Structures are given as structure tokens and as C-alpha cells.
Amino acid sequence: MTSGSPAGRRPRLSRLGRGVFTRRRGVPSRARRRLGAAVRMLAALALAGGVYTAFAPGAFAEDNVPLSATAQEGKQLFDNSCITCHGRDAQGVQGRGPSLIGVGSASVEFQVGTGRMPMTRQEAQAEEKKPAFDKTQTRQLGQYIQELGGGPELPKDGVYTEDLNQNPEALARGGELFRVNCTSCHGYGGGGGALSSGKYAPGLHDVSPEHIYAAMLTGPQNMPVFGDNELTPEQKRQIITYITVQLQQDRDPGGLFNLGRYGPVTEGLVIFGVGITILVFTTLWIAGKS
């Protein structure tokens, strides 16, 4: 009777209550759990950032970089003509010019060699004009930028096209690659085309193979970068071979008149319209004579 009475059950309930209270008191609150999760996440991000900083190449110029004689000549040219926009050690100036660390000598070869740099004024796109530096000075500037921060370089052997005597299929393969990768902006005939925000893809009829190769490596303006992972050096040479042979040397394979190579549909409509007009006037002339 004593164990079944309410007085006998109180000690057990009391012990149960103390156990529940003890467990609840040992469980951290929701705010403490969230704070702990946030601290662990920040620690993980800091660790990942530290590892990346330790192993990734830095996007900045090293101090006191030993320069070659050619690069020293380029540094003098840079300090006299480029430092106003691109800053000391090519770090860039906000609102004037971007950093040149990592752009490589190929970018200098294209931008300076085609006269796009130095720019005369800030505009949507740098216009091609007469170069301000000769080839030797351009090479010196490029060597300085290359040694300062690295980046893509033109081939050391200076070969930008394929020898069709040794590789006769290069022209056809270059045409296929050009139509897949280049015609959406430069057109099938290489005449160029308009882009958004006042920009445009320039024509390719007067561009040197060296500058075409440099443009594919660096992706100036709105042009994508075609690195060696996207297009191998051989494929780049095939494309340039197609441009130089098919679009520059043989501009009008269809006849005497240049219709711009806009395609068979457009050119067919032009020929049809001109032909019908000539036939109508010829018919009226014959009818008037008779």
C-alpha cells in the first residue's frame, strides 16, 4: 500500500523532473548554436582564403623586379607615355586606365601595334590609328609588361600561318573554325559588324597575322579570349591562314563586283533586283523603238 500511495510516487516524479531539467539545461540555446555555426563558417572561409593566397599567383607586380635591358627600355617608354593612365608599375588608375598586370606582351603588341593605345580620349572603343611607337619600341613595352606581371605571349618562332604546301588541308579547316568562332561578330566575309553599346567588331581585310594572333590570345574589347585550351596554336594558325588567303588575298572570287560577301540569299536578291530592273527597261526600250 505504501508503494502505491501518492506519497510513494512523489520521489520518482521528482527525480524524473530533475533529469529533464538537467538535460534541458545542458542543451545550448538556438542563438548559441547559430553563433557557433557562423564562427565555424568564418573560420573555414578564412582558412580557404589563406590557402588560396598562399598557392595562387598574385595579381600584382613584384617590387624591385630585375628587368632585362629590353624591359628597362620599355619601362622608360612606359613612364613617359603610359603612366598617366595605367599608373606606377602598371597597377592602373581608377577612372583612367586598367591594370596591366597579367595582360602579357601579346596585349601590348595588339593595342600599341595597331595604334589603339595610347587612346586620344575615353570612348566606347579604342579606334585603330597610326601607331605612336615603332616595332622596336612596341616590343620593348611588351617585354616590360611581360616581365612585370606575366601573361600571354606571341609564339617565339614568329610563325602565325600554316604552310599550304606542307599542310594543304589547313585552309579548309581554318574556314570551318572561322565560321564557327568568328563569323557571328566579324561576318562571313570578314567585314566586321556592329555590337552593343557603341562597340563594333573591326574588319579583317587589312589586319596582319601577328595582330590577329595577338587578338585571339588576349580578347580585346568585346572579343572573347581564345587561349590554347579553346583553340590550339595549330588551329589559330589555320584560322589566320584562311583569313589571309581567302578573305584578304582573294576578296572577290565570284566575279568583278564586290557585294561584300553577305551570303547567297542577300547577294541573290541584289542580283535578282538589278537583273529585273535591267530587263524591264530593256523591254520598254525595245517596245519604244518598235
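The model shown is predicted, which means the values in this text are computed figures rather than measured ones.
Here the CD-NZ distance, from Gln125 to Lys199, works out to 7.0 Å after rounding to the nearest 0.5 Å. How far CD of Gln140 is from CD1 of Ile145: 13.0 Å, rounded to the nearest 0.5 Å. Going from atom CD of Glu234 over to atom CD of Glu162 covers 5.5 Å, rounded to the nearest 0.5 Å. For the atom pair CG (Leu204) and OG (Ser208), the distance works out to 11.0 Å, reported to the nearest 0.5 Å. Atom OH of Tyr188 and atom CZ of Phe178 lie 10.0 Å apart (nearest 0.5 Å). Atom OH of Tyr242 is separated from atom CZ of Arg179 by 5.5 Å, given to the nearest 0.5 angstrom.
In terms of the salt bridge (charged side-chain N to carboxylate O under 4.0 Å, His left out) criterion, Glu109 has no residue partners (sequence neighbours excluded). Arg116 meets the side-chain hydrogen bond (donor to acceptor under 3.5 Å, both in side chains) test with Thr114; sequence neighbours excluded. Every side-chain contact (heavy atoms from CB on, under 4.5 Å) that Leu164 has, sequence neighbours left out, goes to Ala170, Leu171, Thr241, Val245. Taking the side-chain hydrogen bond (donor to acceptor under 3.5 Å, both in side chains) definition, one finds that Glu210 meets it with nothing, sequence neighbours left out. With sequence neighbours left out, Gln146 forms a side-chain contact (heavy atoms from CB on, under 4.5 Å) with Ser105, Glu153.
In this structure, the side chain of Gln235 engages the main chain of Thr232 through a donor-acceptor pair within 3.5 Å. Between the side chain of His86 and the backbone N or O of Gln91 there is no donor-acceptor pair closer than 3.5 Å. Panel note: side chain Ser99, backbone Ala90; a donor-acceptor pair is recorded below 3.5 Å.
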Step-by-step side-chain contact (heavy atoms from CB on, under 4.5 Å) determination, Tyr160 to Ile212: CA-CA 9 Å; Tyr160 307 108; Ile212 297 175; over 6 Å; no

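Between Thr244 and Pro209 the shortest heavy-atom distance is CG2-CG, 3.8 Å. Minimum interatomic distance between Leu154 and Tyr213 (heavy atoms only, all atoms of both residues): CD2-CD2, 3.9 Å. In plain terms, the two heavy atoms of Leu217 and Ala106 that are nearest each other are CD1-CB, 4.2 Å.
Side chains of Ser68 and Glu147: a donor on one and an acceptor on the other come within 3.5 Å.
Residue Phe272 shares its hydrophobic cluster (ILVMFWY side chains chained together at separations under 4.5 Å) with Ile276, Val280, Leu284.
With a 6.0 Å radius and a threshold of 12 heavy atoms from other residues, nucleotides or ligands, Lys135 has its NZ atom at or below the threshold.
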